[in-house]
Amino acid sequence: MRCLARGGTRSRPPHGWRAMKITVGHTGLVAPSQHSIPSFRLHRPVTPTEALRAVASEDDGAVYAMGTTDLIAQMREGLRPSAVVSLRGVRGLRRIDRDGDTLVIGAGVSHYEGGGHPLVAASLPSLADAWGQIANVRIRFRATIGGNIMARRPRYEMSTILDALEAELCFMTTNAQESLRADEVWKEKPGPGALLTTVRVPRISELQFRYDRSNRPLIWIATAMRHTPTAMRVRCAVGSEHRTPAASVLEFKPQDIGPTDLESMAHDAASRLPRETGETTASDMYRRRITAVHLRRTLGAFLAGSQHE
Amino acid sequence: MSDEIEVCFRLNGEQLTLCASTNEILSSLLRDRLGCTSVKISCERGVCGSCTCLVDGLPVASCSVFAFDVEGTTVETVEGLYIDGNLSPVQQAFIECSGFQCGYCTPGMIMLATALLRECAQPDEDTIRSWIDSNICRCTGYQMILESVAGARDLTLAEGANP
């Protein structure tokens, strides 16, 4: 097999897709393409337990696959799993239902299914509206809520939305079940092999929710307000292209708030966002300013509405 | 290490059974092995939509789908729209409204429009825009494409034809 020589007389390189594999593997001169997708073993379980067993049998070399919109991109970027566990045939991952006052969403629900589902719209219309705006129509048909979360790409939006809603992410492992907050998946939790099965939005009747993605890719902001018996609790989550989502929390009693207090409350909440939200597209100061403006308007709208959604 | 796997699916009305490698991508299968060269490979990231085909009636980026994932499905490409010497209403409208220049994005746009008109027989301009927003065109500035889709809608309604 001949390869490109380093200087001197250049020998004829191999051609076609074989050349792609060689050059990707050894020189980095050619961008990874579909011809450089690595080989892998394929598992196609039909239950979550079978899926966990399949992953366990591969000694940490396996990945889960559902919509594959992000997985194939990752494989082109260098991910080389020994096995792929396709979840498309696994029962129970595409459910959407209510468990009392909790909205339960299967990890395999596509953005198209979720954004258009009557139960999501009935439970929290603004969540259905936000979900239906993610990506574009073509991607929404294929990409899933679980994939969006577990891809762990800061520019993907569901983590920001679910962080604001204080959603619970429910995982199965070979030993137990584990629940995490949306922000915890950025801390490399849970461990490898855990299977995200459902997303639960608790106490949904308490919620008002707003999502603003008009400033993408600079910033997007999800704000949820919970009406509790004693106070209002507002959680504002901020996403950006290159930084993991950050959140800030307010608690107050509506009767204690005057019309001029919203500005200072919003400014205070935005100022508590971490300095690390800054990046090349916008400084942390600019990002906090946008957040403060959005939050002031949203608080005003929430309080003026004074009705749960 | 690559396993071969049998994949049975329907392509443009024809039932197929073939062996595919587990790491084979749908766009490669369609283009390189099945001759559906209307499927164009461009970004390989599922962003541009030039590889758009329909899987069970839904538009997908075939560059971001494994071949094994179409097991038991119906796959459609532009090659399947031309039936018995007749262009589909969408193809006809793209010609009449000059909905292309270089033509590279056109098969993807046509499949996207076909899926739209099957989903919604009378899409308004905003709906057409939101769907066509899924795919990229570097030539036309999109206006002629939007007019083509609207023209296909009107043609489909007028003739009572299937898109």
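Lettering of chains follows the sequences in order, A, B, ..., and the numbering in each one begins at 1. Note that the structure is predicted; figures quoted are calculated from it, not measured.
- Salt bridge present: Asp69(B) and Arg142(A) bring a charged side-chain N and a carboxylate O closer than 4.0 Å.
- Among Leu112(B), Ile5(B), Asp133(B), the residue making the largest number of heavy-atom pairs under 4.5 Å with chain A is Ile5(B).
- Heavy-atom distances place both the backbone and the side chain of Arg138(A) under 4.5 Å from chain B.
- Both the backbone and the side chain of Thr68(A) come within less than 4.5 Å of a heavy atom in chain B.
- Enclosure of atom CZ in Arg53(A) is not indicated, since only 12 or fewer non-hydrogen atoms of other residues, nucleotides or ligands lie within 6.0 angstrom.
- Of the two parts of Arg44(A), only the side chain, counted from C-beta on, holds a non-hydrogen atom closer than 4.5 Å to a non-hydrogen atom of chain B.
- Contact annotation for Val55(B): neither backbone nor side-chain heavy atoms come within less than 4.5 Å of a heavy atom of chain A.
- Residues Phe40(A) and Phe66(B) bring their aromatic ring centres within 6.0 Å.
- Annotation: Trp131(B) is not in aromatic contact with Tyr142(B) [ring centroid separation under 6.0 Å not met].
- With a threshold of 4.5 angstrom between heavy atoms, Leu116(B) does not approach chain A through any atom at all.
- Of the charged side-chain nitrogens involved, at least one lies within less than 4.0 Å of a carboxylate oxygen, so that Glu125(B) and Arg129(B) count as a salt-bridged pair.
- Under the 4.0 Å criterion applied to side-chain N and carboxylate O atoms, Arg41(A) and Glu4(B) are not assigned as salt-bridge partners.
- Within the 4.5 angstrom heavy-atom criterion, atoms from both the backbone and the side chain of Leu42(A) approach chain B.
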